[in-house]
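If you're wondering where the values come from, they're calculated on a predicted model, not measured in any experiment. Any value given below was found using the heavy atoms of this structure, including those in side chains, with hydrogens, waters and symmetry copies removed.
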Amino acid sequence: MDDKERFGRIARIVAAAVAGILMLSLLGYLTSRIYVAKKQDELRTALELVLSERGEKGVFELAGIPVGQLEYSGASLYPSERGAWTYSDDELGVIAVFEDCRDKVVQIISQSMLSDRGQGAGVLLSSDGYILTNRHVVADGETFSVNFYDGTTVPAVLVGSDSLTDIAVLKADVDGLEPMFLSSSSPVVGQTAFALGHPYGYTWSFSKGIVSGTGRTIYLDDGGVVPGMIQTDALINPGNSGGPLIDSRGDMLGLVSSIYSSSGSAEGISFALPSETVGRVAEQLIREGRVSRGWIDVFTVDLNPQIVEYSSLPVDHGLLVSQTVAGGLADKAGIRGGKDRAQYGSSVIYLGGDVIVRVNGVDIYGYADYFAALFGTSGGDVVEVVVQRGDKQVVLEVPLVEQTEENVRWILR
């Protein structure tokens, strides 16, 4: 075979090889295209199914795209199932709080009252029918109707009430309820607060505001003092009483209890009793039907500059012990009353006794501090009392009697 024939043969072999490679490549390409087309058809079918069942939002969610971050002109593209651009994120948050809480708030109607005074709100405290409300809502009533958001009405009976905190607990014969969670977090000035109740009979009304202040002290007409109140600008009217003040998580910050304004209308300052206090009082009411608070059995006078100057006292704040109850717990613990009789307005006091300057670690600058220091105690508890006696301070361990309306009046102001 000459060189020309050998070259032609090699050329044919190379051409055949190249053709074979091209054929294999083409076959592979066609096979891959068929596979891709098949997968695309399967994906298309799956997406069409998701689209028909869950809409465009479902497709984005399936792809792992956070739909809440998709916006158009500053509005959420898919805020809810109600449709695009319907509500802002803030509005959706408020709607969610209301929808979460509405079934946990009831309307209470006293059957013995035929006015708004016998109506108010209540908060579900437990799954078995304990309901929290204000004492002034139940007033002197004996039988009550409890209306739920779904239209159900059940009877309820009074378990107990507390005049100082204006808290009452009812018991309805129902079970399987979802109670409202009492927040254990301390309220912060500026945080969002919602009020849910039935102002003027407009049931399940929802208003939004903020926590305007914390640690407020309320002075009652009967001489009592309630410390630690939450102040809010959320719109509250008669009929909101006994309802919750709610945070943005849907937890109860406090129990709405009173309105303070010159005209008695809602432009005034509104208050709620903190959940921590509410829970403690409600627990006692459920367990015992009443609340026991501690008190020091002494007659005291709120110091003023005239008494300080007249008696040459080394302190300018505190409560002067005018008298002790002879043989009482404070007397036995070593607290001393005065001996020098003096006229104090229309009353008679005795000077020269101890000055109470600290109770349970709380400095006493006036009777509001005194009430606050004893607020969480019970009769029978022992508290540390620091008194100024002449030029020295004396620390005493003093057992407490039970607080009553009578001994609360033992403070002269």
Side-chain angles (χ1 to χ4, degrees), residues 47 49-107 121-125 127 132 147-152 177-200 202-214 230-237 239-240 242-256 266 270 272 274-275:
L47 289 175
L49 180 62
V50 172
L51 188 63
S52 64
E53 292 182 350
R54 299 176 58 186
E56 295 172 352
K57 180 181 177 183
V59 175
F60 284 120
E61 290 173 340
L62 186 65
I65 299 173
V67 296
Q69 297 178 13
L70 297 177
E71 296 185 352
Y72 178 79
S73 299
S76 293
L77 189 59
Y78 295 102
S80 73
E81 296 300 328
R82 294 180 174 90
W85 309 295
T86 306
Y87 305 111
S88 69
D89 289 340
D90 286 343
E91 288 174 317
L92 286 171
V94 175
I95 292 169
V97 172
F98 174 73
E99 291 180 348
D100 178 61
C101 295
R102 64 191 182 189
D103 294 326
K104 303 170 187 176
V105 174
V106 299
Q107 183 185 32
V123 181
L124 296 183
L125 195 59
S127 61
L132 189 67
N147 299 332
F148 289 81
Y149 184 79
D150 64 2
T152 304
L177 303 173
E178 183 180 359
M180 181 168 286
F181 181 76
L182 303 187
S183 175
S184 58
S185 301
S186 298
V188 177
V189 174
Q191 76 176 97
T192 300
F194 304 96
L196 179 55
H198 319 291
Y200 299 108
Y202 293 101
T203 56
W204 283 273
S205 296
F206 201 49
S207 61
K208 178 183 177 182
I210 63 169
V211 172
S212 307
T214 60
I230 303 169
Q231 178 188 334
T232 181
D233 68 347
L235 192 60
I236 292 173
N237 282 291
N240 280 105
L245 189 68
I246 305 167
D247 66 18
S248 57
R249 294 183 300 274
D251 299 336
M252 188 171 116
L253 283 171
L255 185 71
V256 172
S270 302
S275 288

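Put simply, the side chain of I246 does not reach to within 4.5 Å of the side chain of L253, judged on heavy atoms. Side-chain contact between D103 and F148 is absent, with no heavy atoms from C-beta onward closer than 4.5 Å. Side-chain contact between P244 and L255 is absent, with no heavy atoms from C-beta onward closer than 4.5 Å. When side chains are defined from C-beta on, V211 does not count as touching V188, because their heavy atoms never get closer than 4.5 Å. For the pair L124/V106, a side-chain contact is recorded, criterion being any heavy-atom separation below 4.5 Å from C-beta on. You'll find the side chain of D233 reaches within 4.5 Å of the side chain of I210, heavy atoms only. Annotation: side chain of S212 is in contact with side chain of Q231 (closest heavy-atom distance under 4.5 Å).
With sequence neighbours excluded, the residues forming a salt bridge (Lys or Arg N to Asp or Glu O under 4.0 Å) with R249 are D247, D251, listed by chain and number. Residues satisfying the side-chain contact (heavy atoms from CB on, under 4.5 Å) criterion with V94, sequence neighbours excluded, are F194, F206, K208. The salt bridge (Lys or Arg N to Asp or Glu O under 4.0 Å) search around K104 returns D100, E178, not counting sequence neighbours.
Exactly one of S205, S270, P199 qualifies for a side-chain contact (heavy atoms from CB on, under 4.5 Å) with I236. That residue is S270.
With values rounded to the nearest 0.5 angstrom, Y202 atom OH is found 13.5 Å from N240 atom CG. Remark: Y149 OH to R102 CZ distance equals 4.5 Å, nearest 0.5 Å. Summarising the geometry, atom CG belonging to L92 is positioned 9.0 Å from atom CG belonging to D90; distances are rounded to the nearest 0.5 Å. Here the straight-line distance linking atom CE of M252 with atom CG of L132 works out to 5.0 Å at 0.5 Å rounding.
Nearest approach of S248 to V97, heavy atoms of both residues: O-CG2, 3.4 Å. Contact detail for T214 and P187: the closest heavy-atom pair is CG2-O, 3.6 Å. Smallest separation of non-hydrogen atoms from G254 and A272: C-CB, 4.1 Å. Scanning all heavy atoms of the two residues, the minimum distance from L245 to A193 falls at CD1-CB, 3.9 Å. Shortest non-hydrogen contact noted between G242 and V123 is O-CG2, 3.7 Å.
Listed for the E99 side chain is no donor-acceptor partner under 3.5 Å among the backbone atoms of A96. At least one donor-acceptor pair under 3.5 Å links the side chain of H198 to the backbone N or O of W204. Side chain of S275 to backbone of L182: no donor-acceptor contact under 3.5 angstrom is found.
Using a 3.5 Å distance cut-off with no hydrogens or angles, the side chains of T152 and D150 do pair a donor with an acceptor.
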- request: Just do the side-chain contact (heavy atoms from CB on, under 4.5 Å) check on Y87 and I95 with the steps written out, would you?
  value: CA-CA 10 Å; Y87 305 111; I95 292 169; 4.2 Å; yes
